Every structure is written in structure tokens, then in C-alpha cells.
Amino acid sequence: MLGDEDAVKSAETILFTSNSTYQCVILSKKTSYEPESLNANSELRELQNLNLNLVFCTGELTYALCIRFIQNNKNKFVYCYYYKNSESIISANDIVAIPQIYIAT
């Protein structure tokens with residue numbers, strides 16, 4: 001999960017109830033939201049070759065930045081989206097994939 005602390009904690013609740021394993025990358029500085037900082041993030045670089053789901057926890061983290069990150073890191077993660085305080089996480093890696101949807105219960 002990637003995003004500001006509030007958004008990540010909110011998404012964490014959903015993944016915890018669905019018994020999913022996860023690791024949090026919390027962006028705490030405004031400079032962390034710049035594309036160059038996000039691409040250089042050491043925690044993300046370590047996870048790139050593991051073919052994991054990356055949940056973008058949007059709020060302070062914008063969709064525009066998420067899209068730029070995906071363009072620079074094609075096929076390195078399965079990308080998921082979560083909006084802060086919503087009750088679901090969605091993902092589909094391509095147009096023929098069956099979407100994954102996690103819902104708070």
C-alpha cells in the first residue's frame with residue numbers, strides 16, 4: 001500500500017479483514033509525492049521484482065501521480081486503487097483480466 005498515513009490505515013482495515021498480506025509504504029513528506037521521489041523510493045524498489053499488488057491509497061496521493069508511476073514501472077506490480085475512507089479496493093491489470101475487488105465487511 002502506498003499513500004499518506006490516513007489513507008493507508010484506512011485501506012489496511014479492508015485488507016486485514018480479507019486476510020491479505022501486505023506491506024505499507026507511507027509517504028510522509030510533500031516531496032515524496034513528486035514523481036522522481038516516488039520512483040526513487042527504496043522501499044518500492046525492493047518490492048518491484050516480487051510481482052506484488054501495489055495499492056495506491058489516494059487522497060494526498062493523486063491519480064495523476066499514480067498514472068505517471070505506472071508508466072515508469074510497467075509490469076512491475078499489479079496495480080490497485082483505493083480512495084481514502086471508501087469501502088473497497090479495486091484492481092485489474094489489463095482489459096482482459098478479471099478485476100479483484102476487496103470490500104470492507
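Just so it is clear, the model here is predicted, and its values are computed rather than measured.
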Exercise for review: To the nearest 0.5 angstrom, please state how far the NZ atom of K9 sits from the SG atom of C57.
Suggested key: 12.5 Å
Practice item. Go through the steps for L54 and V78 under the test side chain to side chain contact (heavy atoms under 4.5 Å, CB included), then give the verdict. Key: CA-CA 6 Å; L54 177 59; V78 175; over 6 Å; no
Revision key, fill the gap. The reported gap from SG in C80 to CD1 in I89 (rounded to nearest 0.5 angstrom) is 7.0 Å
**Study point:** Verdict with reasoning, F56 to Y79, per ring pair (Phe, Tyr, Trp, His ring centres under 6.0 Å)
**Key:** CA-CA 7 Å; F56 290 115; Y79 297 101; 5.7 Å; yes
Practice item. Only pairs at least two apart or in different chains count here, so list each salt bridge (Lys or Arg N to Asp or Glu O under 4.0 Å) that has a residue in residues 15-25. Key: none
Point to revise | Minimum-distance pair of heavy atoms, taken over all atoms of V8 and L2 | key: CG2-C, 4.1 Å
Check your understanding: For the residue pair S88 and I14, what are the closest heavy atoms and their distance?
Key -> N-CD1, 3.7 Å
Revision key, fill the gap. Rounded to the nearest 0.5 Å, the OG atom of S10 sits from the CD atom of E5 at a distance of 12.0 Å
Check your understanding: Does a sphere of radius 6.0 Å around NZ in K84 hold more than 12 heavy atoms from other residues, nucleotides or ligands, not counting ones at 6.0 Å or beyond?
Key -> yes
Review point. Taking atom SG of C66 and atom CD of Q71, what is their separation to the nearest 0.5 Å?
Key: 11.5 Å
Exercise for review: Would you give the length of the straight line joining atom CD of E60 to atom CG of L65, rounded to the nearest 0.5 angstrom?
Suggested key: 12.0 Å
Review point. Looking at CG of L61 and OH of Y82, how far apart are the two atoms once the value is rounded to the nearest 0.5 Å?
Key: 13.0 Å
Point to revise | For Y63, all residues meeting side-chain contact (heavy atoms from CB on, under 4.5 Å), sequence neighbours excluded | key: T58, Y81, Y83
